[in-house]
Amino acid sequence: MRRKIIAGNWKMNMTPSEAKELVATLKDLVNNPEVDVVYCVPAIDIVPVVEAVKGTNVEVGAENMYIEEKGAYTGEIAPAMIVDAGAKYVIIGHSERREYFNETDEFLNKKVLKAFEHGLTPILCCGESLEQREAGVTLDWIRLQIKSDLQNVTAEQAASMVIAYEPIWAIGTGRTATTEQAEEVCKAIRETIAEIYDAATAESIRIQYGGSMNAKNCDELLAQPNIDGGLIGGASLKPDFGRIVNYQK
Ligand code: PEP
């Protein structure tokens, strides 16, 4: 049985002082021993948030990472820095990085491999645009993203990672995918993993839905057989996040 994983993506929000306050506000609300809870935070917040969540069930993740070990890459953050700061997860390939920072599948594949090299668990994002959904190419597009991003990733590594299905048109728009749309794509992702690897790997990998998930729609989405959690943007900065972590079965 896969454990649910609910991760917040804080995006470019929260100064270090605000981050500590938010962790304190959410502390008693995100207590659910049956669920893995992760705060993916801006690089500058990793150290204070790791400190602030000590003694709780919450793990910390980075929102991004570079593919090199160290050196002349001004402004970038190396995987070893993330690990040393105490984070365990890293979001890779969020649609905002794909769109605004031109991150390609080839580049993201390097990031996925690099994260594993350092023992970080990737939360790999994929998702289609509204035009692609309307053109009926969603499933083909998602399969292509997954296959490209997982080149040379072993079955054992894939089994331990997280994939977040995030339709671009649903991110930050308040427009959630219907339960059927979300389940259809998450199921197709699992089938793609079975095709690349095997049934056991597909059974182990955790697949999240992300895109305007909130306190109101989380119960139905999280009840779907192929949705193992959520990647939450806007609602992760509010007490609503606690309601999602404590979704009703
Ligand atoms: C996200 O940024 O990954 C996300 C899903 O955002 P939101 O929940 O705000 O749509």
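All ligand and atom numbering here is 1-based and tracks the order in the structure.
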Proximal protein residues to ligand 1, non-hydrogen atoms under 4.0 angstrom: Asn9, Lys11, His94, Glu166, Ala170, Ile171, Gly172, Gly210, Gly211, Ser212, Leu231, Ile232, Gly233, Gly234
Shared hydrophobic cluster for Leu113 and Ile123 (ILVMFWY, side-chain gaps under 4.5 Å): no
Between Glu128 and Trp169: side-chain donor-acceptor atoms closer than 3.5 Å: yes
Between Glu156 and Tyr197: side-chain donor-acceptor atoms closer than 3.5 Å: no
Under-4.0 Å salt bridge between Arg190 and Asp228: yes
Donor on one side chain, acceptor on other, Glu183 and Asn226, under 3.5 Å: yes
Residues, nucleotides or ligands: over 12 heavy atoms within 6.0 Å of Glu103 CD: yes
